[in-house]
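Numbers here are sequence positions counted from 1. Below, each value reflects all heavy atoms present in this structure, side chains not excepted, and no hydrogens, waters or symmetry copies.
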Amino acid sequence: MTLSARHHPPAPSSEEKGLGVVAPRGKLTANAPLAPLVWFKSGGAAQWLFEPKDLADLQAFLGDLDPAVPVMALGLGSNLIVRDGGVPGVVVRLGKAFATVSKRADLTLDCGAGASGILVSSTARDHGIAGLEFLRSIPGTVGGFVRMNGGAYGGEVKDILVDCDVVLRDGTLRSLQVSDLRYSYRRSELPEGAIVVAARFRGRAGDPAAIQAEMDRISASREASQPLRSKTGGSTFKNPEGHKAWQLVDQAGCRGLTLGGAQVSEKHTNFLLNTGNATSAEIEALGEEVRRRVKAQSGIELEWEIQRVGNT
């Protein structure tokens with residue numbers, strides 16, 4: 001794969017010259033292990049990992065990249081199985097430059113795509129903005145929330161999103177209204193290859209103390225019901241219409257089910273765990289076995305909520 005750039009970055013290293021790569025201003029790493037960057041702590045490497053210095057750097061990089069090279073955005077890696085064969089093309093990880101949250105004149109927060117749910121909800125509290133408390137419970141970043149219509153505890157991103165900024169695959173910056181994303185349960189219709197770089201969330205006026213109390217309630221509920229201190233990927237399957245995925249998994253006799261180093265959580269059966277040194281293949285195969293057993297027991301076909309990417 002050849003990467004090129006028309007802008008004027010620092011002189012490339014000898015290694016980059018050998019690969020035909022001209023370094024952007026951010027950090028570009030070849031054959032970068034992804035396991036340390038995802039919650040399951042499993043999986044292969046990215047052919048290239050790009051951490052842009054800022055928005056302009058990301059736009060220039062994508063604008064100059066061969067359109068045939070696949071590009072994938074990576075947030076906190078909480079809702080992701082990276083397959084053991086690694087991810088071809090470029091994985092883009094947004095850093096501190098994209099992790100800012102600030103208040104606008106109204107009840108709206110301007111959020112960088114790299115900002116965590118905890119930062120967004122805490123900033124909303126500090127400014128007396130209610131309605132964003134549920135973001136406290138989602139282990140991810142704004143970019144992932146927007147892409148997946150993240151939700152929990154009665155709230156969804158579609159309820160609070162005003163608009164978002166995305167960089168398209170050709171490097172073009174575009175603003176999309178919430179209606180443009182055609183949200184449904186845990187999915188959006190973002191343009192193929194688009195990377196969310198910012199979003200505006202609007203809440204309602206609230207008392208900071210009451211907002212904190214709701215965040216505390218959500219945090220305590222998560223702690224009591226979910227295996228937060230394990231190597232996991234969060235909710236594994238979408239809730240089918242009229243059903244709860246965890247109940248279907250439990251009724252199919254899958255609580256505690258193991259395959260190699262992978263296990264269905266006994267605390268919350270819609271969570272898969274890496275109990276030690278599980279491969280991504282074992283984790284994904286366990287998920288497929290759960291789907292098979294649920295279909296056999298209930299006739300319902302569970303859909304993956306966790307994204308699975310890369311080569312087997």
Is R217 salt-bridged to E214, cutoff N-O under 4.0 Å?
yes

Is E223 salt-bridged to R229, going by a charged N under 4.0 Å from an acidic O?
yes

Distance-only, no hydrogens or angles: does the D180 side chain make a donor-acceptor pair with backbone N or O of Q177 under 3.5 Å?
yes

Is there a path from L58 to V196 through hydrophobic residues (I, L, V, M, F, W, Y) whose side chains come within less than 4.5 Å of each other?
no

From CD1 (I218) to CG (L135), nearest 0.5 Å
9.0 Å

Is the side chain of Q47 donor-acceptor paired with the backbone N or O of G89 at a distance under 3.5 Å, no angle test?
yes

Please round to the nearest 0.5 Å and tell me the distance separating atom CG of L107 and atom CG of L132.
10.0 Å

Looking at side-chain heavy atoms only, is the closest gap between D216 and E133 below 4.5 Å?
no

Over all heavy atoms of both residues, which pair between I283 and N274 is shortest? Give the atoms and the distance, please.
CD1-CB, 4.3 Å

Honestly curious: do Y183 and L176 fall in one hydrophobic cluster under the side-chain, below-4.5 Å linking rule?
yes

Please round to the nearest 0.5 Å and tell me the distance separating atom NZ of K231 and atom CG of L272.
14.0 Å

Less than 4.5 Å apart, any side-chain heavy atom of V38 and any of L74?
yes

Smallest heavy-atom separation, L302 atom then P240 atom, equals CD2-CG, 3.7 Å

Would you sort out whether L65 and V71 count as a side chain to side chain contact (heavy atoms under 4.5 Å, CB included), showing the intermediate values?
CA-CA 10 Å; L65 187 62; V71 173; 3.6 Å; yes

Which heavy-atom pair separates W39 from T232 by the least distance, and what is that distance?
CB-O, 2.9 Å

Supply the atom-to-atom distance L94 CG to T141 OG1, rounded to the nearest 0.5 angstrom.
7.5 Å

Between R93 and L49, is the side chain to side chain contact (heavy atoms under 4.5 Å, CB included) condition met? List the steps.
CA-CA 7 Å; R93 190 167 186 244; L49 177 66; 4.1 Å; yes

Quick one: does D163's side chain have a donor or acceptor within less than 3.5 Å of a partner on V178's backbone?
no

May I ask you to decide if I300's main-chain N or O and S298's side chain share a donor-acceptor pair within less than 3.5 Å?
yes

Decide yes or no for L34 and V91: does some side-chain heavy atom of the first lie under 4.5 Å from some side-chain heavy atom of the second?
yes

Begin from the C-alpha positions of V166 and L190 and carry the test side chain to side chain contact (heavy atoms under 4.5 Å, CB included) through to its verdict.
CA-CA 9 Å; V166 301; L190 271 175; 3.9 Å; yes

pair T269-C254: side-chain heavy atoms closer than 4.5 Å:
no

With no hydrogens and no angle check, is any side-chain donor or acceptor of K41 less than 3.5 Å from a backbone partner on P36?
yes

Just jot down the salt bridge (charged side-chain N to carboxylate O under 4.0 Å, His left out) partners of E282, sequence neighbours excluded, or say none.
none

For a 4.5 angstrom cut-off between non-hydrogen side-chain atoms, does E284 reach R83?
yes

Does a salt bridge link R202 with D106, judged by any charged N lying under 4.0 Å from a carboxylate O?
yes

For the residue pair W246 and H268, does the interplanar ring angle fall in the parallel (under 30°), tilted (30 to 60°) or perpendicular (over 60°) class?
perpendicular

Return all side-chain donor-acceptor pairs below 3.5 angstrom for residues 110-124, not counting sequence neighbours, or 'none' if the list is empty.
from: D110; atom 1: OD1; to: R200; atom 2: NH1; distance (Å): 3.4
from: S116; atom 1: OG; to: L119; atom 2: N; distance (Å): 3.1
from: S121; atom 1: OG; to: G117; atom 2: O; distance (Å): 2.9
from: S121; atom 1: OG; to: I118; atom 2: O; distance (Å): 3.2
from: S122; atom 1: OG; to: I118; atom 2: O; distance (Å): 2.8
from: T123; atom 1: OG1; to: L119; atom 2: O; distance (Å): 2.7

Is a salt bridge present between R186 and E305, judged by a nitrogen-to-oxygen distance below 4.0 Å?
yes

Hydrogens and angles aside, do S42 and T279 bring a side-chain donor and acceptor to less than 3.5 Å of each other?
no

Indicate the atoms forming the closest heavy-atom contact of A224 with K267, along with that distance.
O-CE, 3.2 Å

To the nearest 0.5 Å, what is the distance between CD1 (I81) and OG (S280)?
6.5 Å

Consider only side-chain heavy atoms of I, L, V, M, F, W and Y, link residues closer than 4.5 Å, and tell whether F40 and V290 are in one cluster.
yes

Check this for me, if you would: do R292 and E288 make a salt bridge, where the nitrogen-to-carboxylate-oxygen distance has to be below 4.0 angstrom?
no

Looking at T275 and G261, would you say the former's side chain and the latter's main chain have a donor-acceptor pair under 3.5 Å?
yes

Between the main-chain N or O of A194 and the side-chain N or O of R147, is there a donor-acceptor pair closer than 3.5 Å?
yes

If I take atom OG from residue S219 and atom CZ from residue R222, how far apart are they, to the nearest 0.5 angstrom?
7.0 Å

Determine yes or no for a side-chain-to-main-chain donor-acceptor pair under 3.5 angstrom, with D57 supplying the side chain and D54 the backbone.
no

Under 4.5 Å between side-chain heavy atoms, hopping through other hydrophobics if needed: is there a path connecting W304 to L273?
no

Flag side-chain contact, heavy atom, 4.5 Å: E289 against L257:
yes

Closer than 3.5 angstrom, by distance alone: can the side chain of D84 be matched with the main-chain N or O of G44 as a donor-acceptor pair?
no

Within-4.5 Å side-chain heavy-atom neighbours: V249 and R255
no

Quick one: closest heavy-atom pair of P52 and V92, and the distance?
CD-CG1, 4.1 Å

Salt bridge or not between R291 and E301? Use side-chain N to carboxylate O under 4.0 Å.
yes

Is the side chain of N149 donor-acceptor paired with the backbone N or O of Y185 at a distance under 3.5 Å, no angle test?
no

Taking the side chain as C-beta and beyond, is there a heavy-atom pair between F134 and I160 under 4.5 Å?
yes

Side chain to side chain contact (heavy atoms under 4.5 Å, CB included) evaluation trace for H243 with N239:
CA-CA 6 Å; H243 298 273; N239 288 323; over 6 Å; no

Nearest heavy-atom neighbours spanning Y153 and S221:
OH-OG, 3.2 Å

For the hydrophobic clusters of this structure (ILVMFWY residues joined by side-chain heavy atoms under 4.5 Å, transitively), does one cluster hold both M148 and V142?
no

Tell me whether the count of non-hydrogen atoms from other residues, nucleotides or ligands lying under 6.0 Å of NZ in K96 goes above 12.
no

